[in-house]
Amino acid sequence: MALYPSPCPLRTRRGGKKRLFILSLCAEDGQEMGVNQHTERIMSNADDYKNSQLYRVRHSTAHVMAQAMLERFPEALIAIGPPIEDGFYYDFDLPRPVTDEDLQWVENRMREIIREGHDFSEKEVTPDEARAFFAGQKYKIELINDLVAGRVDDMGNEIAQPASKITFWTQATFTDLCRGPHVKNTREINPDAVSITFKPPAGAYWRGDENREQLTRIYGTAWETAEQLEEYLHLLEEAKRRDHRVIGEKLGLFTISPLVGKGLPLWKPYGAMMRDTLERWLRQTQLDNGYLPVVTPHIGKLDLYKTSGHYPYYKDSQYAPIQVDEEEFLLKPMNCPHHVMIYKSEMRSYRDLPLRLAEFGTVYRYEQSGELTGLTRVRGFTVDDAHLFVTPGQLLDEFKDVVRLIQMIFNSLGLTDFRARVGTRDPESEKYVGDPAQWEQATQAIIQACEDLGLRYTVEAGEAAFYGPKLDFMVRDVLKREWQLGTVQVDYNLPERFELEYVAEDNSRPRPIMIHRAPFGSLERFMGILIEHFAGAFPVWLAPVQAVIIPIADRHVEPAEAVAAQLRARGLRVEVDKGKSRMQAKIREHRDRQVPYMLILGDRDVENGTVSVRLRTDEDLGALPLADFIEMAASLVESHSLELR
RNA sequence: GCCAUUGUAGCUCAGUCGGCAGAGCACACCCUUGGUAAGGGUGAGGUCACGGGUUCGAAUCCCGUCAAUGGCUCCA
């Protein structure tokens, strides 16, 4: 199997302090492989990629693109242009928007430049020479100054000490401030494996700072062969067909109405059926694991969130408070404070702990409009929330139990392509509250739990919640955007702010520690990811319709209803297709909507008490006694099997 | 929120130069009663996202609003 590793330099949210390499691997047949399934391979391959010919080709192609762009836009200011996962980009400050014609012209010109066979040469210069050369190129001047001052390097990464030297790389008429490495000659780039027209130009802030200039980012990709490029473009097309927004429409799972409000999904019957199935499953699992159900209202007084400390931190991303008479209420952006008040409603003894309060709590957050995406980023969503109130001695075991629960859920659904991220505080940030010693304690507990459970994880500073460190389960959607699903967070802060306590064995009144956890994260996002994960072909237990009965002729409709009634009696979700179209057309239709079982019912079946079973995979199981089929389907449902037979 | 692009039937889309609003699928009705990936016919369905402007005349050109898409920023 040939692997082409492709690192994705991800910037951390806060200040772009560091870069992390995440990879996805594509097998030769284009099948995507797991991100974390292959961590070892990936990690060794991250460096491999940076040292690879493909990396040099992409980096060099970025320079060629900049050269062509400067020919098209002589007054353009250039920023930075690094290789990234799957390609490269270059940021420009341009006098006008880039059109399709511009892109096409530049792409054609790039091919010419490549064919002209220019050498790449490196030259060391002094800071003054560099500044003189880039006079008028304010972004480059800023980079040079930062390099000399030891702040960030030419790719925008933080550096530990001032750069020891400044290097220029030149090909043909284009010279860039750059560390390299590059190919020796543009002839090493395959002009037929280069594209910048496959992706539209994008806005990007200089230095990733929304208060600074907005530049135009042109994305490009380069491969070794034209076939690889074609395959890559094909994969992008395929990904679009898996998109949960496309499948959600096709299968009638959900809709979003501008009149209701953007980012506020409406669940249609089939989608609600699935969502409800997931909810029932987790609810029962939690009951089995000692969680207690609670129910809390959708709003709370503003003072509640002031006490919890949430309000000042996040007031920009909340729906505005509702004023009624003299009081202000907030549509709840999180469930924690409500659960805290339930804890506080009674005197708690150490004998009562751990106390695990669970609720599928719907919350509302006013996310920036540009951030909303289908089900994966919305403004109203339901968290499969629970808060565990534990003693310090219980913390590690409870945390591990939560992680096991999440692992069980992910495994049950075959969601193996995730990574675990330990989010710790960024020591330089002011955002975090609480005692550093407790932070350290909590962080160690999380890492210890990951180690004990053999979980692969990365530690990332600056990814903690403001009140405590956390462990997140991250997955990527079909467009390779990364999303947080399951999360477990350790919190010393809320117990402190709400002055929670319990009576200990020695009659003292210590504070409990809170664990916030949500295995799905949110039902909306989890469903979105599941839709893409299964590409609409859900396991039988989750499928909104598990079987469709297809009567061959009208005279078989009545027996079909009788068969359906028997399936329903075993709890199976079944439809009878009484439509006028022909059987073949019906088969096609239900296969397209990924119904697991199609049961054909004709004279022979009615006579013999059988159904002719066809799977959505096109497998024909032939005529099965009805009781046998029901037994098979029901047992697959009960065991939450991922198989169809 | 910012940059760019887009918005035509329930869905996917065509609509040339500013001159009668189109197709396929889905839907309704009729014929076909069929054994494993689309049988045939007829019909209904539109404030061309919304508001304003230019023009004899606007789906088409201009401005604004709303929404979606890609990216950036953000994400309890």
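In what follows, every chain begins at residue 1, and chains take the letters A, B, ... in the order their sequences are listed.
- Using a 3.5 Å distance cut-off with no hydrogens or angles, the side chains of A/D91 and A/W206 do not pair a donor with an acceptor.
- Taking atom C1' on both nucleotides, B/rG18 is separated from B/rG1 by 37 Å, rounded to a whole Å.
- Closest-nucleotide positions on RNA chain B for A/R555 and A/A623 were compared, and the one nearer the 5' end corresponds to A/R555.
- Within 4.0 Å (heavy atoms only), A/N211 reaches no atom of the nucleic acid at all.
- Side-chain contact between A/V98 and A/I218 is present, with at least one heavy-atom pair separated by less than 4.5 Å.
- On a pure distance criterion of 3.5 Å, a polar donor-acceptor pair joins the side chain of A/Y205 and the base of B/rG1.
- No contact: A/F466 has no heavy atom under 4.0 Å from any strand.
- Nearest-nucleotide assignment on RNA chain B puts the 5′-proximal partner with A/T216, out of A/T216 and A/A204.
- Under 4.0 angstrom from either OP1 or OP2 of B/rU36 there lies no side-chain N or O belonging to A/S612.
- Among the protein residues, A/D592 comes within range of no part of the nucleic acid, since none of its heavy atoms lies under 4.0 Å from any strand.
- Remark: side-chain polar atoms of A/H556 are paired, donor with acceptor, to backbone N or O of A/A553 under 3.5 angstrom.
- Comparing B/rG71, B/rA37, B/rU33 by their closest approach to the side chain of A/D554 singles out B/rU33.
- For the OP1/OP2 pair of B/rA67 and a distance below 4.0 Å, the side-chain nitrogens and oxygens of A/K262 include at least one atom meeting the criterion.
- Comparing B/rA37, B/rU33, B/rG1 against the side chain of A/R614 picks out B/rA37 as the nearest.
- The local environment of CZ in A/R481 is crowded, with over 12 non-hydrogen atoms from other residues, nucleotides or ligands closer than 6.0 Å.
- Residue A/E238 qualifies as enclosed at atom CD: its count of foreign heavy atoms under 6.0 Å is above 12.
- Note: CD1 (A/I218) to P (B/rA4) measures 12 Å, nearest angstrom.
- Distances shorter than 4.0 Å separate none of the side-chain N or O atoms of A/R96 from OP1 or OP2 on B/rA4.
- Within the nucleic acid shown, A/R212 has no heavy atom closer than 4.0 Å to any nucleic acid atom.
- As the counterpart of B/rU60, no nucleotide is assigned, since no Watson-Crick or G-U wobble pattern has both distances under 3.5 Å.
- Residue contacts for A/P97: at a heavy-atom cut-off of 4.0 Å it reaches the sugar-phosphate backbone alone, with no base atom in range.
- Among the heavy atoms of the strands, none lies under 4.0 Å from A/Q484.
- Looking at the side chain of A/R245, the nearest of the listed nucleotides B/rU36, B/rG70, B/rG39 is B/rG70.
- Nucleotide B/rU69 holds its C1' atom 17 Å from the CZ atom of A/R377, rounded to whole Å.
- A/D385 and A/H516 share no donor-acceptor pair across their side chains, judged by distance under 3.5 Å alone.
- Nucleotide B/rU42 has B/rA28 as its partner under the Watson-Crick or G-U criteria, with both atom distances under 3.5 Å.
- Looking at heavy-atom distances under 4.0 Å, A/A553 makes contact with a base.
- As a whole-Å value, the separation of A/H590 NE2 from B/rA26 C1' is 14 Å.
- Of the nucleotides present, B/rU12 is the one that pairs with B/rA23 by Watson-Crick or G-U wobble criteria, both distances under 3.5 Å.
- B/rG71 atom P lies 18 Å from atom CG of A/L215, rounded to whole Å.
- Rounded to the nearest Å, the gap between the C1' atom of B/rG57 and that of B/rC17 is 14 Å.
- Residue contacts for A/Q584: at a heavy-atom cut-off of 4.0 Å it reaches the sugar-phosphate backbone alone, with no base atom in range.
- When distances are taken from the side chain of A/Q368 to each of B/rA37, B/rC11, B/rG1, the shortest belongs to B/rG1.
- In a base pair of the Watson-Crick type (N1 to N3 plus N6-O4 or O6-N4) or a G-U wobble (N1-O2 and O6-N3), with each distance short of 3.5 Å, B/rU36 is matched with no nucleotide.
- If you check B/rU54 for Watson-Crick or wobble pairing at under 3.5 angstrom, you find it has no partner at all.
- To the nearest angstrom, C1' of B/rU36 lies 12 Å from CG of A/D605.
- Between the CD atom of A/E367 and the C1' atom of B/rC72 there is a distance of 16 Å, rounded to whole Å.
- Within the 4.0 angstrom heavy-atom criterion, no nucleotide atom of any strand lies near A/E619.
- Using C1' as the reference atom, B/rC63 and B/rA14 are 28 Å apart when rounded to the nearest Å.
- As rounded to whole Å, 18 Å separates atom P of B/rC66 from atom CD1 of A/I256.
- Comparing the P positions of B/rC25 and B/rA21 gives a spacing of 24 Å, expressed to the nearest Å.
- One C1' atom belongs to B/rU55, the other to B/rC62, and the distance between them is 12 Å to the nearest Å.
- Between the C1' atoms of B/rA28 and B/rC13, the separation comes to 23 Å (whole Å).
- Across all strands shown, B/rA68 forms a Watson-Crick or G-U wobble pair with B/rU5, both key distances being under 3.5 Å.
- Across all strands shown, A/M334 has heavy atoms under 4.0 Å from base atoms, whether or not it also approaches the sugar-phosphate.
- Side-chain atoms of A/D93 and A/T216, non-hydrogen and from C-beta on, never get closer than 4.5 Å to each other.
- The CG-C1' distance, from A/D620 to B/rG35, rounds to 10 Å in whole Å.
- Atom P of B/rC61 sits at a distance of 40 Å from the matching atom of B/rC75, rounded to the whole Å.
- A/R217 comes within contact range of the sugar-phosphate backbone alone, with a heavy-atom separation under 4.0 Å but no base atom that close.
- No donor-acceptor contact under 3.5 angstrom links the side chains of A/T610 and A/R604, judged on distance only.
- As rounded to the nearest Å, B/rA9 and B/rG45 have P atoms that lie 15 Å from one another.
- Counting only heavy atoms from C-beta on, A/R588 has its side chain closest to B/rA37 among B/rG35, B/rU33, B/rA37.
- The only option from A/K332, A/M334, A/Q318 that meets the side chain to side chain contact (heavy atoms under 4.5 Å, CB included) definition with A/R365 turns out to be A/M334.
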